[in-house]
Each structure stands twice: as structure tokens, then as C-alpha cells.
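Please read the structure below before turning to the comments.
It should be emphasised that the depicted structure is a prediction, and the values quoted were computed from it without experimental measurement. Here is the naming used below: chain letters follow the sequence lines, and residue numbers restart at 1 for every chain.
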Amino acid sequence: MIRELGPNDIVYLLEAARWTVALAVIAMVAGGVLGLVVAVLRIVSFKPANWIAIGYINIVQGTPLLGQLFIFFFGLPLFGIQVGAWEAAALALSINASAFFGEIWRGSLQSVSPRQWEAGAALGLSYWQRLTSVILPQAVRISIAPTVGYLMQLVKDTSLTALIGFIELTRASQILSAATFKPLQVYGLAAIAYFVICFSLSRLSEQLEKRTHAAR
Amino acid sequence: MPLVEITDIHKSFGKVEVLKNVSLTVEKGEIVAVIGRSGSGKSTLLRCINGLERVQSGRIVVDGMEVTSPATNINALRERVGMVFQSYNLFPHLTVERNVTLALKKVRRMNSEAARDVARAMVAKVGLADKLGAYPDELSGGQQQRVAIARSLAMQPTMMLFDEITSALDPELVGEVLKVLEQLAREGMTMMLVTHEMNFAKNVADRVVFMHQGNVHEDGPARDTLIEPRTPELRSFLSAVLH
């Protein structure tokens, strides 16, 4: 039965958009924590740690996210680990995000002049104190723009989880478009929803940059 | 016992030998100007003293602590040996006051109030009491360098190392920084400075050490050595920098 596109359908899309946001937030938090570990492993002066981090980054960045989704969704059950679409999606996106965050943050940490490390050292600050009080605050400011840029990418990447049947904004649009046969309107609405999420992020980034700049 | 005792140190970067068997002592209260052409190893020598560079062989003892021993807590040593760099290296994300208080709070474990008092006194000492709330990029090079000196002095070091601290400054700003150094000299601070300011070396330093090709080539009382160099290398260096 083909039916009309009504206000209920818009509510349905918005509810599905919540899952898009939830997935992005989970990937951001879990990927962020893991990404910090990756970044630190990448810069510490201990070669095996660097190799592990580099290998991890290469594998994750060098394979398609869709492939990673399939591996978790179809692969884990082969090992007796039952995962639903939600868990597989959260896992794949978090791991994907961690590699990208790791690289962005490593770059930001390394773009702070080595002289800043030396100045901290000359005052008797320990390695950890130099990292947290001198280098990190400067690296954070540098990393805001690329981090938020990647976050927008991440929001849009969540649409791939539709392919393993997770009902987020894109999957909901597919369902709705099949029911109403109004693909242009439905996908148009979905595009607007994605835009609103991403635009809010870019505004947030501007605010953050302004604030950290005011505080140097 | 000398404050700094350097015995036969050797340092190379890859295949380049920067310091070849350098030995040197510095007494407490002494002001030693280290001069020489670029690449002669003078900055490296200074950086070895607080362990920013590791030597391949030889021994450095500062204030009873053996810098070259792996057992030494190098951070504890650096608390006692202040260092100021050519490029100031202030922390750009912190105000002048917080640049000075950071190590006091983190390393000395002072409370905020006590640290702030020290910062105020030190920044006033270098003549910048009105700049406590300013960020480094709001200051001139000379002012930044004076803050860097205050930041280092706040740790109450036993000695200070100055690595070409006026070389990056516009000529009209050099004087204000040298004035701070003169004041420190009057107060009896032990200082080693790598410098190209020959007049300053002649008038303020007690001793001049001339580095040449990774060795201490000439070492003697500042005035005599600079007015009547004994070696042709120092003579040619001096005529090159003074004319």
C-alpha cells in the first residue's frame, strides 16, 4: 500500500535521527578515548608501541568502513559472539574513529614546537607535567578544526550502518520512501537533518576556537 | 669545590663531533662568557650542563649532582640550573604570571598564592610588573626574554645558563636584557652565557672561554683574553666579530 507522507513520518525520521546522533556520540566518546591511547602510543619513545599504533592506524584507515561493519556484524557470530546491528555499528564506528582521532591528535601534539618541551624540561617539569601543562593545551587548540571536521564525516558515516539493518536516519528514510514512494521528499528531509547536525558541529567548532584563542 | 666540573666530555650528533674532550670548571659566583664561531660547540656545551643533550663519554658534575649518571634525577637537577634560550620559549597559552607560576606550582608544589607572590616579585625585578596579565605574543622580544629570565629565576636556581639570549632581538632591545644580566651579576649569580656581545663579555664576565672546533681553545680572564688574545684563532674570531 502506498500512502501519503504525513507529520507522523517526519516524527519517525526525527526519532531515527536520534539514533544517528547516539551512534555518532558513542563513536566520538569511545573512539576518542581509544584515539588518545593511539596518539600517545604513536609519540612515546618506545619503538614497539609506535609500531603497534602505526599498524593499527594503517589497517583501520586502509580498509573501508563498510567492510569493518560487515566483519563485526557477520564475523563475530562465527566466533560465537552474538552481536546485533547496534553493537556492531557502535564497535566498527568507534574503532574507525579511534584511528582517525589518533592521527589527528598525534599531528597536533607533534606540531607544538620541540622547544616548548625543552623550555618545560629546563624548569624541572617531568615528562608528564610537560605533556599535560605545556604541550596538550597548545595541541588542543590546533586540533579543534580537524577534529570537528572528522566528527562531521563521522555523522555522515553512520549512514553506512543502514546496510547491516540498523535503523538510523538513512535506513528510516529507505523504509519511509518505500512506503510512500516519495524518495525525493523523504531523502531531502534526511539530508536537511544531516545538515542541521553537521552545521551545529561546525558552529560549535568556531565557538571553541574563538574561546581557546581568547585564552591563547 | 667548583660548582660545575666538566671532565673530558665528548658529544657527537651522528658522525659530526661537536665536543671533543672538553674539560672546564666554573666556580660559584663566577660569570663565564662562552664565545666562538657558530658550530664550535658552545651551545651544545651549555645544553649538556643541564642534561638537554646527553654526552657520549666524560663526566659533568653540577652542584654535587652527576649530570652524566643515569641514576641522577635530571628534573631535580634542572630545578637548580636555570636556562634561558635564544628564542625565549615562553608558553604561548599562558599569561606572564602563569608562565612564571607553572613550575613553582607543579615542581615546587607551592600553593597559588605563594607562587603568585614569587611571580610578582620576579616579574617586577625584570621591570615588567605591569605585564603580569599579558600573553607572550602581546610583548616585544626584549620583554619576552625578560619574562623568560624571571620564569627561570623564580625557581631560585644555583646557577643560570644563557644561550645566546640576545641574538634574536632587535638591536634596540638588547640593552634592556643585558641590564637584567648585569643586575644578576651584581647579585653574585653564577652564570654561563653563550654570547656574541663582546663588550658585555669584556665588562661583565669574569672569564672568557673561547670554543673552537669542539675544543676549549682559550680560557682566561675576560678583559685580558679579549684585549690580548693568545691564539691566532681567537684573534681572527675577534677581528671578524668586532669589525
Tell me, yes or no, whether the heavy-atom count around [X] atom [atom1], taken from other residues, nucleotides or ligands under 6.0 Å, exceeds 12.
X	atom1	answer
A:Leu184	CG	no
B:Arg108	CZ	yes
B:Phe13	CZ	yes
B:Arg59	CZ	no
B:Glu27	CD	yes
B:Glu113	CD	no

Given that the side chain runs from C-beta out, which part of [X] has a heavy atom under 4.5 Å from chain A: side chain, backbone, both or neither?
X	result
B:Leu90	backbone
B:Ser87	side chain
B:Arg47	side chain
B:Val81	backbone

* To do: Kindly compute the distance separating OG (A:Ser126) from CD1 (B:Ile74), expressed to the nearest 0.5 Å.
  =>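 Going from the OG atom of A:Ser126 to the CD1 atom of B:Ile74 covers 13.5 Å.
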* To do: Output the distance between atom CD (A:Glu118) and atom CZ (B:Phe85), rounded to the nearest 0.5 Å.
  =>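 One gets 5.5 Å once the value is rounded to the nearest 0.5 Å.
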* Asked: Looking at A:Ala122 and B:Met83, what are the two nearest heavy atoms and their distance?
  ->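 Shortest heavy-atom contact: CB-CB, 4.1 Å.
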* Asked: What are the two closest heavy atoms between B:Asn89 and A:Ala119, and how far apart are they?
  ->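 Closest approach of B:Asn89 to A:Ala119, heavy atoms only: O-CB, 3.4 Å.
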* Would a distance-only check, ignoring hydrogens and angles, find a side-chain to backbone donor-acceptor pair under 3.5 Å from A:Gln129 to B:Val107? ->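 Checked: no pair found.
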* Checking B:His93 side chain against A:Arg141 main chain: does a donor-acceptor pair fall under 3.5 Å? ->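 Not confirmed, B:His93 side chain does not pair with A:Arg141 backbone.
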* When heavy-atom pairs shorter than 4.5 Å are enumerated against chain A, which of B:Met155, B:Lys106, B:Glu79 gives the highest number? ->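 With the most close heavy-atom pairs to chain A, the winner is B:Lys106.
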* To do: Name the option with the most non-hydrogen atom pairs under 4.5 Å to chain B; the candidates are A:Ser113, A:Gly120, A:Ser133.
  =>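 With the most close heavy-atom pairs to chain B, the winner is A:Ser133.
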Got [X] and [Y] here, is their nearest side-chain heavy-atom distance under 4.5 Å?
X	Y	result
B:Phe91	A:Leu123	yes
B:Pro92	A:Gln116	yes
A:Leu125	B:Leu102	yes

